[in-house]
Amino acid sequence: MPRGNGIAAMTFWNAHRDTRLQRLQRRGLSASQIAGMLATTRNAVLGRSVRLRGLVFPSVLAARAARKAESAARRAARERATAKVLRSMRHDLSGGMAREDAILRAVRDGATYRAVGAELGISRQRCHQLAARVR
């Protein structure tokens with residue numbers, strides 16, 4: 001990938017260095033010793049070694065699982081909030097509120113145009129157009 005000065009960018013790790021790293025590891029050298037021979041840091045050697053072997057540490061798996069659970073919790077909370085807003089919108093409509101006003105209120109309360117449109121059987125874009133009339 002060219003840099004601003006027209007010189008192609010090179011990464012430190014290439015096939016030759018990868019092979020050399022693996023050979024030095026098979027000889028039983030420590031990451032610090034290998035780093036000295038390859039003129040890089042111990043952490044760079046450890047990181048590359050892990051990536052080459054395809055290892056995934058338990059801490060990485062736990063962090064992934066935690067992020068996934070957190071994301072699922074946020075999604076569930078967002079769905080509950082949207083369902084509540086849509087119930088309120090249905091109540092407003094059954095009470096005689098104008099459709100455009102009900103849509104605008106639902107959107108202001110946190111529902112998406114897509115969710116409101118799906119509830120009313122119209123497109124997201126049409127929902128947006130109807131709400132824009134009231135503003």
Side-chain angles (χ1 to χ4, degrees):
M1 175 177 254
R3 288 187 185 170
N5 58 11
I7 299 173
M10 291 184 55
T11 64
F12 178 80
W13 296 107
N14 57 32
H16 174 72
R17 286 196 179 100
D18 287 344
T19 304
R20 191 166 173 211
L21 167 65
Q22 290 168 332
R23 194 174 338 114
L24 292 170
Q25 284 178 325
R26 281 192 298 273
R27 285 182 31 201
L29 297 175
S30 71
S32 296
Q33 292 169 324
I34 295 170
M37 293 177 170
L38 295 178
T40 188
T41 65
R42 175 183 170 276
N43 283 339
V45 168
L46 291 172
R48 186 62 178 179
S49 176
V50 166
R51 285 188 293 280
L52 287 173
R53 290 184 281 155
L55 294 179
V56 181
F57 292 105
S59 60
V60 172
L61 294 175
R64 284 181 191 166
R67 283 193 306 270
K68 190 174 183 179
E70 185 179 315
S71 176
R74 280 194 311 268
R75 186 173 33 258
R78 193 169 45 243
E79 289 171 359
R80 283 191 305 272
T82 298
K84 182 179 177 183
V85 170
L86 293 177
R87 278 193 305 274
S88 176
M89 183 185 73
R90 282 192 302 270
H91 183 274
D92 291 343
L93 289 170
S94 67
M97 181 183 277
R99 184 169 71 161
E100 291 85 358
D101 293 332
I103 291 171
L104 185 60
R105 177 185 254 174
V107 170
R108 284 184 178 161
D109 288 346
T112 62
Y113 287 116
R114 183 178 306 267
V116 173
E119 182 69 27
L120 297 175
I122 59 177
S123 70
R124 171 192 56 81
Q125 183 177 4
R126 181 64 181 147
C127 214
H128 185 270
Q129 289 169 347
L130 291 171
R133 282 186 189 175
V134 179
R135 289 184 199 162

>> Listing request: all ring pair (Phe, Tyr, Trp, His ring centres under 6.0 Å) pairs with a residue in residues 108-135, at least two apart in sequence or in separate chains.
In response: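 Every ring pair (Phe, Tyr, Trp, His ring centres under 6.0 Å) pair that includes a residue of residues 108-135, provided the two are not neighbours, is Tyr113-His128.
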>> Run the salt bridge (charged side-chain N to carboxylate O under 4.0 Å, His left out) test against Arg27 and tell me which residues pass, sequence neighbours left out.
In response: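 Listed in chain order: nothing, the list is empty.
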> Residues in salt bridge (charged side-chain N to carboxylate O under 4.0 Å, His left out) with Asp109, at least two apart?
Replying inline: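 Asp109 satisfies salt bridge (charged side-chain N to carboxylate O under 4.0 Å, His left out) with no other residue.
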Run the side-chain donor-acceptor check on residues 93-101: report pairs under 3.5 Å with partners two or more places apart or on a different chain.
unit_1	atom_1	unit_2	atom_2	d
Ser94	OG	Arg90	O	3.3
Ser94	OG	His91	O	2.9

>> What verdict does the side-chain contact (heavy atoms from CB on, under 4.5 Å) test give for Arg133 and Leu130, after you've listed the backbone C-alpha separation in whole Å, the side-chain angles of each residue and the deciding distance to 0.1 Å?
In response: CA-CA 5 Å; Arg133 282 186 189 175; Leu130 291 171; 3.9 Å; yes
Could you go through residues 51-66 and list every donor-acceptor pair under 3.5 Å that involves a side-chain atom there, pairing it with any protein atom two or more places apart or in another chain?
unit_1	atom_1	unit_2	atom_2	d
Arg51	NH1	Gly47	O	3.4
Arg53	NE	Ser49	O	3.3
Arg53	NE	Ser49	OG	3.2
Arg53	NH2	Ser49	OG	2.9

>> Return the CD to CD1 distance between Gln129 and Ile122, rounded to the nearest 0.5 Å.
In response: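 Output value for this atom pair is 9.0 Å.
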>> Distance check, rounded to the nearest 0.5 Å: Leu46 atom CG versus Ser30 atom OG?
In response: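 Leu46 CG to Ser30 OG: 9.5 Å, rounded to 0.5 Å.
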> To which residues is Val85 joined in a hydrophobic cluster, defined by side-chain heavy-atom contacts under 4.5 Å among Ile, Leu, Val, Met, Phe, Trp and Tyr, whether direct or through other members?
Replying inline: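 Members alongside Val85: none; it stands by itself.
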Go through the structure and list residues passing side chain to side chain donor-acceptor pair (under 3.5 Å) with [X], not counting sequence neighbours.
X      : value
Gln125 : none
Ser123 : none
Gln22  : none
Arg67  : none

> So which heavy atom on Leu38 is nearest to which on Phe12, and how close?
Replying inline: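 Of all heavy-atom pairs spanning Leu38 and Phe12, the closest is O-CZ, 3.1 Å.
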>> For Met89 versus Ala106, what's the shortest heavy-atom pair and its separation?
In response: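 For Met89 versus Ala106, the nearest heavy atoms are SD-CB, 3.9 Å.
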>> I need the single residue from Leu21, Ile34, Val45 that forms a side chain to side chain contact (heavy atoms under 4.5 Å, CB included) with Leu29. Which is it?
In response: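 Looking at Leu21, Ile34, Val45, the match for Leu29 under the side chain to side chain contact (heavy atoms under 4.5 Å, CB included) is Ile34.
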>> For Thr112, give me all partners under side-chain contact (heavy atoms from CB on, under 4.5 Å), at least two apart in sequence or on another chain.
In response: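 Checked Thr112 against side-chain contact (heavy atoms from CB on, under 4.5 Å); matches are Arg114, Ala115.
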> With Arg108, which residues qualify under side-chain contact (heavy atoms from CB on, under 4.5 Å), at least two apart?
Replying inline: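 In terms of side-chain contact (heavy atoms from CB on, under 4.5 Å), with neighbours along the sequence ignored, Arg108 is linked to Leu104, Arg135.
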> Step by step, would you call Arg74 with Glu70 a side-chain contact (heavy atoms from CB on, under 4.5 Å)?
Replying inline: CA-CA 6 Å; Arg74 280 194 311 268; Glu70 185 179 315; 2.9 Å; yes
